[in-house]
A.B. asks: 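Pasting a structure below so you can have a look.
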Amino acid sequence: MKNFKIVTYGCQINEYESEKFREALLSFGYNEVEKDEDADLILLNSCAVREKANLKLLSKIGRIRKLFEKQGHPVSVVTGCVASVNEQAIKRVGEKSIIALFKGYESLDDRVKKLRKLLSVTGEKKISLVQKVFAYVPIIYGCNDFCSYCIVPIAKGRERSRAKVEILEEINTLVKNGAQEIVLLGQNINHYGRDLGYKNGFIEMLEDVDKIPGLKRLRYLTSYPADFTLSVLERMRKLKKLCSHFHLPVQSGSNKILKSMERGYTREQYVELINSVRILFPYASITTDIIVGFPGESEKDYNETKSLVEYAQFDRSFVAAYSKRPNTPAAVMEEQIDEKEKKKRLNDLLSLQNAISLKKNRFFIGKTVEILIESIVGAQAFGRIPQDKLVIVEGCTARVGDIIKTEIVDADFIHLRGK
Ligand code: SAH
Ligand code: SF4
């Protein structure tokens, strides 16, 4: 068994963990291949947050099993949230082609050790790491919030903050190896350090990372609206590298639904938060996550979400139709919304948001912005502005990793175009 492939579905934490598995497999002397049929080992790292991701994974496992039956390989290892909550279905679909399941709530180190043992690796070789323009760094794992629809606390377990020295060391190494932008990760990143006894762990961490020489940009995901205080916002204003982008998942604009979701804030409190952001950071972009069709969401509740979207003028909304997750309180609530109705609300909200996004993006036309080039394909360069909007630059001679200025000449609802 010498060739491997990694398939990742889901969030940025999964991407980070897949990268670590990749480094481990390379150091075990394995080669990375592109096609399933060339791999002896396929590592599936998948998310369980929405039912759709789960179904995608199961169909992938079904296809791998067919290959296994035909060729005798590849075999697969499954990890991520999904391995914690859907073990039986995975085993049923995968039968003999699955050699192990590593639960998403086990530490990454433990899972890498298990993989090493499973593959009977004897020695390890040093590998040179790929230089990355931006890198994800988890600072807190798990979640204690238990929103009534969400499987994360079950799949990932309770909050566990990583030690500060370990995080800073990792970021220093990444920056020394060429990373210019760091994205700190956590399900409720505002809680960083609470379990370690820090009072202001999150903002102190941002302040420490901001000082790292050579680092150009700093981002973080995801903040929990109820835990964002004015004093944190004030302290953020003093940071030099923090990008002016706030991702503040609201989930619903109806107080009745927010309560039933157990989000711990009201519409009014959320509005107050974004008003503060707009005053303190006039150039910042604000994005959000929204669930439509939560149990009990009436037409009136849905319209309250729409009116909030109109008021907030989000740069972007990640809208999902509610899906039942096993063992969560919302899954057994009465008044589940019909799938057709959910879809209708989803499309309706997306079209409202797309119109707002278009307007927000077109605001940049004629302005000169700074982008960090992430990739170059042919004559097009791709990079982001601090507000986290993707810019496509035609005929650009810069290189990956360069920070350049470009004038925005056009925009659609997703991209800006620079010259
Ligand atoms: N910790 C983050 C997000 C975690 S999950 C937060 O609290 O905001 C990412 C997004 O998936 C959520 O913001 C939510 O919009 C969506 N999501 C989670 N559970 C869902 C469910 N059961 N159905 C539909 N969307 C869901
Ligand atoms: Fe899920 Fe809520 Fe935790 Fe976010 S804060 S991961 S939505 S339980």
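When a residue number appears, it is its place in the shown sequence, counting from 1. Because only heavy atoms are used, hydrogens play no part in the values below, and waters and symmetry mates are left out as well, while side chains stay in. Each ligand, and each atom within it, is numbered from 1 in the order the structure gives.
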A.B. asks: With only distance considered, is N188 within less than 3.5 Å of ligand 1 through an N or O on each side?
C.D. replies: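 Between N188 and ligand 1 (N or O atoms, distance only) the closest approach is not under 3.5 Å.
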A.B. asks: What I want to know is whether D289 and ligand 1 share at least one N or O pair that is separated by under 3.5 angstrom.
C.D. replies: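 Yes, at least one N or O pair falls under 3.5 Å.
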A.B. asks: Among all the protein's non-hydrogen atoms, which is closest to atom 17 (N) of ligand 1, and how far away is it?
C.D. replies: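 Result: V49 CG1, 3.7 Å.
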A.B. asks: For atom 22 (N) of ligand 1, what is the nearest protein heavy atom, given as residue, atom name and distance?
C.D. replies: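 Atom 22 (N) of ligand 1 sits closest to the protein heavy atom S323 O, 2.8 Å.
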A.B. asks: Closest approach of L118 and A100, non-hydrogen atoms and distance?
C.D. replies: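 Minimum heavy-atom contact is CD2-CB, 3.9 Å.
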A.B. asks: Decide whether a cation-pi geometry holds between K342 and F294; the criteria are a distance under 6.0 Å from NZ or CZ to the six-membered ring centre and an angle within 45° of the ring axis.
C.D. replies: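 Relative to the ring axis of F294, which defines the angle, K342 lies outside at least one limit.
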A.B. asks: Quick check: does any side chain N or O of R325 sit under 3.5 Å from a backbone N or O of V49, one acting as donor and the other as acceptor?
C.D. replies: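 Yes: the side chain of R325 pairs with the backbone of V49.
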A.B. asks: What heavy-atom pair brings V175 and L215 nearest, and what distance separates the two atoms?
C.D. replies: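 Scanning both residues completely, I find the closest heavy atoms to be CG1-N, 3.7 Å.
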A.B. asks: Using modelled atom types and a 3.5 Å cut-off, is there a donor and acceptor pairing between side-chain atoms of R219 and backbone atoms of C243?
C.D. replies: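 Checked: no pair found.
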A.B. asks: Begin from the C-alpha positions of Y220 and F202 and carry the test ring pair (Phe, Tyr, Trp, His ring centres under 6.0 Å) through to its verdict.
C.D. replies: CA-CA 10 Å; Y220 59 91; F202 170 55; 5.3 Å; yes
A.B. asks: Side chain, backbone, both or neither: which part of Y224 has a heavy atom under 4.0 Å from ligand 2?
C.D. replies: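 Within the 4.0 Å criterion, Y224 contacts ligand 2 through side-chain atoms alone.
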A.B. asks: Give me the nearest non-hydrogen protein atom to atom 3 (Fe) of ligand 2 as residue plus atom name, then the distance to 0.1 Å.
C.D. replies: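 Looking at atom 3 (Fe) of ligand 2, the protein heavy atom closest to it is C143 SG, 2.3 Å.
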A.B. asks: Nearest to atom 26 (C) of ligand 1, what protein heavy atom do you find, and at what distance?
C.D. replies: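 Protein heavy atom with the smallest distance to atom 26 (C) of ligand 1: I291 CD1, 3.7 Å.
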A.B. asks: Give a yes/no on ligand 1: does R263 have at least one heavy atom closer than 4.0 angstrom to it?
C.D. replies: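 Yes, that is the case, since the closest heavy atom of the residue is under 4.0 Å from the ligand.
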A.B. asks: Go through the steps for L308 and V250 under the test side chain to side chain contact (heavy atoms under 4.5 Å, CB included), then give the verdict.
C.D. replies: CA-CA 9 Å; L308 181 77; V250 67; 3.5 Å; yes
A.B. asks: To the nearest 0.1 Å, how far is atom 2 (C) of ligand 1 from its closest protein heavy atom, and which atom is that?
C.D. replies: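 Answer for atom 2 (C) of ligand 1: Q187 O, 3.7 Å.
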A.B. asks: Using a 4.0 Å cutoff against the non-hydrogen atoms of R325, which atoms of ligand 1 qualify?
C.D. replies: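 So the answer, numbered in order with elements, is 22 (N).
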A.B. asks: Is the closest heavy-atom distance from A321 to ligand 1 below 4.0 Å?
C.D. replies: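 Yes, A321 has a heavy atom closer than 4.0 Å to ligand 1.
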A.B. asks: Under 6.0 Å from the six-membered ring centre of F363 and within 45° of its axis: does the NZ or CZ of K359 meet both?
C.D. replies: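 Geometry flag: not set, cation outside 6.0 Å or 45°.
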A.B. asks: Just to confirm my output: which protein heavy-atom neighbour is closest to atom 15 (O) of ligand 1, and how far is it?
C.D. replies: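 The closest heavy atom on the protein side is Q251 OE1, 2.8 Å.
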A.B. asks: Side chain or backbone of P249 under 4.0 Å from ligand 2, or both, or neither, by non-hydrogen atoms?
C.D. replies: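 P249 to ligand 2: no contact under 4.0 Å from either part.
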A.B. asks: Considering only protein heavy atoms, which is closest to atom 7 (S) of ligand 2, and at what distance to one decimal place?
C.D. replies: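 Scanning the protein heavy atoms, the shortest distance from atom 7 (S) of ligand 2 goes to Y149 OH, 3.3 Å.
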A.B. asks: Backbone, side chain, both or neither: what part of R263 comes under 4.0 angstrom of ligand 2, heavy atoms only?
C.D. replies: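 For R263, only side-chain atoms sit under 4.0 Å from ligand 2.
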A.B. asks: Pick one of side chain, backbone, both or neither for how N188 approaches ligand 2, counting any non-hydrogen atom pair under 4.0 Å.
C.D. replies: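 The answer is neither; N188 stays 4.0 Å or more away.
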A.B. asks: Using a cut-off of 6.0 Å, state whether more than 12 heavy atoms not belonging to N327 lie near its atom CG.
C.D. replies: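 12 or below, so no.
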A.B. asks: What residue and heavy atom of the protein are closest to atom 19 (N) of ligand 1, and at what distance?
C.D. replies: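 Nearest neighbour among protein heavy atoms for atom 19 (N) of ligand 1, to 0.1 Å: Y149 CD1, 3.3 Å.
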A.B. asks: For ligand 1, find out whether one of its N or O atoms is nearer than 3.5 Å to an N or O atom of Y322.
C.D. replies: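 No, no N or O pair falls under 3.5 Å.
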A.B. asks: For this output row, return yes or no: ring centroids of F4 and F28 closer than 6.0 angstrom.
C.D. replies: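 Ring-ring flag for F4/F28: false, centres at least 6.0 Å apart.
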A.B. asks: Tell me whether R417 contacts the main-chain N or O of H415 through its side chain, where contact means a donor paired with an acceptor under 3.5 Å.
C.D. replies: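 No; zero donor-acceptor contacts below 3.5 Å.
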A.B. asks: With atoms numbered from 1 as shown, which atoms in ligand 2 lie under 4.0 angstrom from a non-hydrogen atom of V152?
C.D. replies: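 Answer for ligand 2: 6 (S).
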A.B. asks: Under 4.0 Å, heavy atoms only, figure out whether ligand 1 is touched by the backbone of K324, its side chain, both or neither.
C.D. replies: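 For K324, no heavy atom sits under 4.0 Å from ligand 1.
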A.B. asks: Going by the order shown, which atoms of ligand 2 are within less than 4.0 Å of some heavy atom of P153?
C.D. replies: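 Under 4.0 Å from P153, ligand 2 has these atoms: 8 (S).
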A.B. asks: What residue and atom, counting heavy atoms only, is the protein's closest point to atom 8 (O) of ligand 1, and at what distance?
C.D. replies: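 Here the closest protein heavy atom is P249 CG, 3.1 Å.
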A.B. asks: Decide if the gap between the ring center of Y322 and the ring center of Y149 is smaller than 6.0 angstrom.
C.D. replies: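 Between Y322 and Y149, the centre distance exceeds or equals 6.0 Å.
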A.B. asks: Tell me if a side-chain donor or acceptor on S260 pairs with a main-chain N or O of K256 at a distance below 3.5 Å.
C.D. replies: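 Between the backbone of K256 and the side chain of S260 there is no qualifying donor-acceptor contact (under 3.5 Å).
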A.B. asks: For a side chain to side chain donor-acceptor pair (under 3.5 Å) with E106, tell me which candidate from K156, K113, K114 qualifies.
C.D. replies: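 Exactly one option meets the side chain to side chain donor-acceptor pair (under 3.5 Å) with E106, and it is K114.
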A.B. asks: Please write down residue, atom name and distance for the protein heavy atom closest to atom 1 (Fe) of ligand 2.
C.D. replies: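 Ranking protein heavy atoms by distance from atom 1 (Fe) of ligand 2, first comes C150 SG, 2.3 Å.
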A.B. asks: To which protein heavy atom is atom 8 (S) of ligand 2 closest, and what is the distance rounded to 0.1 Å?
C.D. replies: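 In this structure, atom 8 (S) of ligand 2 has C147 N, 3.3 Å as its nearest protein heavy atom.
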